[in-house]
Amino acid sequence: MPAAANPAIRVPPAAARPAPAALLAWYDRHRRRLPWRAAPGRRQEPYRVFLSEIMLQQTTVVTVAPYYEAFLARWPSVAALAEAPLEEVLSAWAGLGYYARARNLHACARAVVARHGGVFPDTEEALLDLPGIGPYTAAAIASIAYERRAAPVDGNWERVVARLFAVDEPLPRAKAKLRALALTLLPDARYGDFAQAMMDLGATICTPRKPACALCPWTEACAARAEGAPEHYPVKVAKAAKPARRGVAFLAVRADGAVLVRSRPPKGLLGGMSEVPSTPWEPGGVANPAGHAPLKGPWRALNAPVAHVFSHFALELDVWRADLAAGTTAPAGHRWVRPEGFDAEAFPSVMRKVLAKL
């Protein structure tokens, strides 16, 4: 059912609706300069849109910018990324978090080369068939790279739309309604610019707190502003506290400075990443941590636990250290790495915190 015909979706009369032309005119004056954004009037390369959008998921622009530029310098095309070993991609990604994105990035690059000759498809439907690409990323590539009529509805879009139409239904239940309303805003052309204008509007004007309504090109058409309560929208369900897990990380250090590390299983949390050996991460910790030590040694607990928050749980790791002879051999599945080799390893943030205890 079209949005305008659905009585559950309030669409203002045509005279009061947000005008796409007003937003595009604002964007032409105030667009952000970002490393992955093409110059005005030019269409962006699909690979650059893909790379930036995957990196920007749940990560800020300031954090992503140096990673994006480093990736592009190292792997300037989707074919180059597809040829790279996964271990190198994970290592370059280390520090960005949500590491499944890096594995999906690599898998998608290989699929584009294998199925499409190294050229990203130009429709949302075909893009959705690629690994690691969901509705948002498919719409972003289709609109920004190929000028397809698509709405890449991210958090910025949702906030703007929720305020424009004063959507009372809370997130995440309101996502379908917000997307339907977003489609009513699309212009007849310049779909890529409009998509990026919505992102910029949400990031710089229609911010979560203290939105600059007086500077908004749609201020007169905004139902939330008319109510005098723009910060009330979007309505969100209160988040439950994250469950806690505990564990022990074993920092084995040889006399030559090398540290014992291993690779995590290829699938699952932090799949394929490098780590310092540890116990399983369990609620309340494990009963006998010493039984999980990777080798015998003079283990001693450091009075410096490591705290880290993942998307679905909070982790606290106690750190045990053992200083060992230079000739100590690594047990099966482990390897010794000297500090000067740490940068070549795909250590996630939590393990970099552990290694900082050296």
Side-chain angles (χ1 to χ4, degrees), residues 58-59 63 67 86-103 241-358:
Q58 299 177 308
T59 310
T63 300
Y67 280 89
L86 176 59
E87 294 75 16
E88 291 185 11
V89 176
L90 289 171
S91 178
W93 190 275
L96 264 182
Y98 300 95
Y99 295 96
R101 294 180 299 166
R103 297 193 296 276
K242 291 185 178 181
R245 299 183 190 178
R246 293 186 60 87
V248 172
F250 298 102
L251 199 56
V253 186
R254 286 195 320 197
D256 61 357
V259 177
L260 189 69
V261 304
R262 66 186 180 189
S263 296
R264 291 180 64 85
K267 294 185 179 180
L269 179 67
L270 305 178
M273 305 293 287
S274 302
E275 69 171 359
V276 170
S278 73
T279 66
W281 303 341
E282 302 286 353
V286 298
N288 179 28
H292 296 272
L295 41 69
K296 293 182 179 180
W299 295 103
R300 68 185 191 279
L302 304 182
N303 188 24
V306 165
H308 191 79
V309 179
F310 292 94
S311 59
H312 54 293
F313 69 94
L315 174 67
E316 183 170 293
L317 287 175
D318 291 322
V319 182
W320 292 11
R321 173 168 176 155
D323 293 287
L324 305 163
T328 304
T329 58
H334 296 67
R335 59 190 180 276
W336 293 103
V337 178
R338 293 178 59 84
E340 56 266 29
F342 286 174
D343 286 345
E345 295 284 339
F347 288 122
S349 296
V350 62
M351 288 301 149
R352 292 185 181 275
K353 293 178 182 180
V354 172
L355 290 168
K357 303 303 178 183
L358 285 170

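Predicted model only: the values in this text are computed from it and were never measured.
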Novice: Under the criterion side chain to side chain donor-acceptor pair (under 3.5 Å), which of Arg335, Glu275, Glu87, His334 is the partner of Ser263?
Specialist: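 Output: one option passes, namely Arg335.
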Novice: For the residue pair Trp336 and Thr329, what are the closest heavy atoms and their distance?
Specialist: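 Scanning both residues, the minimum pair turns out to be NE1-C, 3.5 Å.
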Novice: Under 3.5 Å, is there a donor-acceptor pair between the Thr279 and Arg246 side chains?
Specialist: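 The criterion, which ignores hydrogens and geometry beyond distance, is not satisfied for Arg246 and Thr279.
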Novice: So which atom in Tyr99 and which in Ser349 form the shortest heavy-atom distance, rounded to 0.1 Å?
Specialist: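 For Tyr99 and Ser349, the tightest heavy-atom pair comes out as OH-N, 3.2 Å.
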Novice: In sequence, state the C-alpha distance, the side-chain angles, and the governing distance for His292 and Val248, and then conclude on side-chain contact (heavy atoms from CB on, under 4.5 Å).
Specialist: CA-CA 9 Å; His292 296 272; Val248 172; over 6 Å; no
Novice: Between Arg321 (side chain only) and Val253 (backbone N and O only), is there a donor and an acceptor less than 3.5 Å apart?
Specialist: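 Not confirmed, Arg321 side chain does not pair with Val253 backbone.
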Novice: Do any N or O atoms from the side chain of Arg254 and from the backbone of Thr328 form a donor-acceptor pair under 3.5 angstrom?
Specialist: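 Yes; at least one donor-acceptor contact below 3.5 Å.
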Novice: Checking the side chain of Tyr67 only, and the main-chain atoms of Ala94 only, is there a donor and an acceptor separated by less than 3.5 Å?
Specialist: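 Present.
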Novice: Taking all atoms of both residues into account, what is the closest heavy-atom pair of Gly297 and Leu324, and its distance?
Specialist: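 Where Gly297 meets Leu324 most closely, the heavy atoms are CA-CD2, 4.1 Å.
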Novice: Without placing hydrogens or testing angles, list every side-chain donor-acceptor pair under 3.5 Å for residues 350-358, not counting sequence neighbours.
Specialist:
residue: Arg352; atom: NE; partner: Phe347; partner atom: O; Å: 3.2
residue: Lys353; atom: NZ; partner: Ala307; partner atom: O; Å: 3.0
residue: Lys353; atom: NZ; partner: His308; partner atom: ND1; Å: 3.0

Novice: Spell out, as yes or no, whether a donor-acceptor pair under 3.5 Å connects the side chain of Arg103 to the backbone of Gly271.
Specialist: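 Yes; at least one donor-acceptor contact below 3.5 Å.
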Novice: If I compare all heavy atoms of Ser278 with all of Ala249, which pair ends up nearest, and what's the gap?
Specialist: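 Minimum heavy-atom separation between Ser278 and Ala249: CB-CA, 3.9 Å.
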Novice: Could you report the tightest heavy-atom contact between Asn303 and Pro305, atom names first, then the distance?
Specialist: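 Between these two residues, the closest heavy atoms are C-CD, 3.9 Å.
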Novice: Measure across Tyr98 and Ser311 and return the closest heavy-atom pair with its distance rounded to 0.1 Å.
Specialist: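 Smallest heavy-atom distance, with atoms named: CE2-CB, 3.7 Å.
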Novice: Applying side chain to side chain contact (heavy atoms under 4.5 Å, CB included) between Leu260 and each of Val276, Leu251, Leu295, Val337, report the one that passes.
Specialist: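 Output: one option passes, namely Leu295.
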Novice: Side chains of Phe310 and Lys242, heavy atoms from C-beta outward: is any pair under 4.5 Å?
Specialist: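 Result no, sub-4.5 Å side-chain heavy-atom pair not found.
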